[in-house]
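Just below is one structure, and these are the notes that go with it.
Every number for a ligand or one of its atoms is a count from 1 in the order of the listing. Owing to the predicted nature of the structure, the values given are computational and were not obtained by experimental measurement. Start at 1 with the first residue, then count along the sequence.
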Amino acid sequence: MRAKTRPIETLPELAFDYTHGIIGQSLIIHADCLEWLSRVPENTLHAIVTDPPYGVKEYDFEQIEKRANGNGGIWRIPPSFDGHTRQPLPRFTALNSKERAQIRNFFIEWSKVAMHALRPGGHVFIASNAFLSQLVFAALVDGGLEFRGELIRFVRTFRGGDRPKNAEGEFPDVSSLPRSAYEPWGILRKPIPKGMKVSDCLREFQTGGLRRTPDDRPFTDIIPSGRTPRCEKKIADHPTLKPQAFMRQLVHAVLPLGVGVVADPFMGGGSTIAAAEAIGIASVGVERYMGYYELSRQAIPKLAAIQTPEEEQPEETLLPFA
Ligand SMILES: C[S@@+](CC[C@H](N)C(=O)[O-])C[C@H]1O[C@@H](n2cnc3c(N)ncnc32)[C@H](O)[C@@H]1O
């Protein structure tokens with residue numbers, strides 16, 4: 001049986017009874033995304049581009065307050081040793097096996113509600129980190145999504161690479177973890193209905209494939225990227241704001257025909273929604289924390305207006321097997 005889909009003109013209806021706002025072609029909603037995704041009618045969204053709380057617990061309201069007050073909590077407040085105050089980072093390695101099981105269960109549940117809301121063939125691009133990606137991607141597959149590969153944001157995160165804690169002098173030539181120079185993003189898809197080819201899915205649901213770049217290259221799974229520019233962080237003071245130059249490439253690629261609705265259920269400061277606005281795509285952002293919802297409302301138009309430098313294309317020399 002063919003699934004029924006939903007016309008995009010009805011986008012504002014997806015706000016239900018939640019506090020929401022409309023910015024250009026985008027809808028922003030203050031809600032818990034697990035609840036929101038389960039309320040969205042089946043087979044509605046064309047794609048999801050999102051950056052979830054990796055450790056689940058760093059975005060608990062209590063932890064957000066601790067970070068704001070400089071008390072740490074799960075947020076590692078780095079020392080200001082050279083006169084520059086660094087952004088706190090979540091302490092992923094502090095997760096124990098019970099917390100890892102909670103993450104797994106969270107992403108299985110999330111995958112199930114995302115499957116419900118997505119159209120058949122709809123893609124999910126989901127940010128992770130090298131330490132947790134294996135756990136998160138496997139849980140998403142257990143929830144029903146199909147694993148289609150990984151996208152590497154080639155960026156120096158400055159995570160990892162430290163000498164063994166409290167034994168730095170004893171083991172000066174050792175690092176506990178590699179210094180991370182990439183951010184892995186999962187590429188997943190709601191399975192295409194049995195018997196359908198990608199071309200059928202494109203015709204019926206406008207999903208199933210990925211859009212080629214504006215200069216007619218295939219979307220490539222390594223994207224060189226800088227860290228988020230200071231001017232963007234000034235607009236949206238969110239601890240994990242993603243850069244516009246990178247997000248615009250993802251939002252462009254995730255809709256194979258350039259039509260439809262992209263959702264970001266963990267909207268944060270609104271970088272995905274701003275990227276969609278910048279390239280003329282309809283989107284829905286959902287954020288649970290009122291402070292960040294309000295932040296996104298004022299930041300999205302400004303981030304969308306930013307001119308990004310022409311993105312470099314990946315060079316063959318980056319590929320170790322060439
Ligand atoms: C890693 S951040 C996303 C940052 C975003 N990519 C940006 O550029 O600003 C994750 C966000 O998800 C929010 N969040 C956590 N759990 C949520 C939930 N269940 N529903 C909706 N938002 C949630 C957090 O408050 C946080 O702002």
ask   = Quick one: do Arg104 and Glu99 make a salt bridge, cutoff under 4.0 Å?
value = no
query = What part of His238, side chain, backbone, both or neither, has a heavy atom within less than 4.0 angstrom of ligand 1?
reply = side chain
task = Pull out every atom of ligand 1 sitting under 4.0 Å from any heavy atom of Met267, numbered as shown with elements.
result = 5 (C), 7 (C), 9 (O)
Atom indices of ligand 1, in the order listed, that fall short of 4.0 Å to a heavy atom of Leu241 = 7 (C), 8 (O), 9 (O)
query = Looking only at N/O atoms, are Tyr292 and ligand 1 under 3.5 Å apart anywhere?
reply = no
key: Pair Arg148 + Glu146: basic N to acidic O under 4.0 Å   = yes
task = Indicate, as side chain, backbone, both or neither, the part of Ala31 found under 4.0 angstrom from ligand 1 when only non-hydrogen atoms are considered.
result = backbone
inquiry  = When you compare ligand 1 with Gly269, is there at least one nitrogen or oxygen pair between them that comes in under 3.5 angstrom?
reply    = yes
request  = Kindly confirm or rule out an N or O of Lys242 lying under 3.5 angstrom from an N or O of ligand 1.
outcome  = yes
query = So, His46 and Gln206: side-chain donor and acceptor under 3.5 Å apart, yes or no?
reply = yes
Candidate list Arg153, Arg156, Arg227, test salt bridge (Lys or Arg N to Asp or Glu O under 4.0 Å), partner Glu183, passing option = Arg153
key: ligand 1 versus Pro239: contacting region, heavy-atom distance under 4.0 Å   = neither
request  = Quick one: look at Met247 and ligand 1, take heavy-atom pairs under 4.0 Å, and tell me if it's side chain, backbone, both or neither.
outcome  = neither
key: For Pro52, the ligand 1 atoms whose distance to one of its heavy atoms is below 4.0 Å   = 1 (C)
inquiry  = What I want to know is whether Phe106 and ligand 1 share at least one N or O pair that is separated by under 3.5 angstrom.
reply    = no
inquiry  = Assess whether a salt bridge exists between Asp17 and Arg39, defined as any Lys/Arg side-chain N lying under 4.0 Å from an Asp/Glu carboxylate O.
reply    = yes
key: Test side chain to side chain contact (heavy atoms under 4.5 Å, CB included) applied to Phe266 and Val286, step by step   = CA-CA 6 Å; Phe266 299 103; Val286 180; over 6 Å; no
message = Can you see whether Phe205 has Arg119 sitting over its ring - NZ or CZ less than 6.0 Å from the centre and within 45° of the normal?
response = no
inquiry  = Can you name the atoms of ligand 1, numbered from 1 with element, that are less than 4.0 Å from a heavy atom of Asp32?
reply    = 19 (N), 20 (N)
note = Under 4.0 Å from one or more heavy atoms of Pro265, ligand 1 contributes atoms 21 (C), 22 (N)
query = Is the Trp185 to Phe137 ring centre distance short of 6.0 Å?
reply = no
message = Is it the case that ligand 1 has an N or O less than 3.5 angstrom from some N or O of Asp264?
response = no
note = Nearest heavy atom to atom 18 (C) of ligand 1, choosing from Met290, Arg288, Gln244, belongs to Arg288
ask   = Is it the case that Arg212 places NZ or CZ above or below the six-membered ring of Phe219, under 6.0 angstrom from the centre and within 45 degrees of the axis?
value = no
key: Test: Glu168 and Arg163 ion pair at under 4.0 Å   = no
query = Of Thr228, Leu303, Asp51, which has the heavy atom at the shortest distance from atom 6 (N) of ligand 1?
reply = Asp51
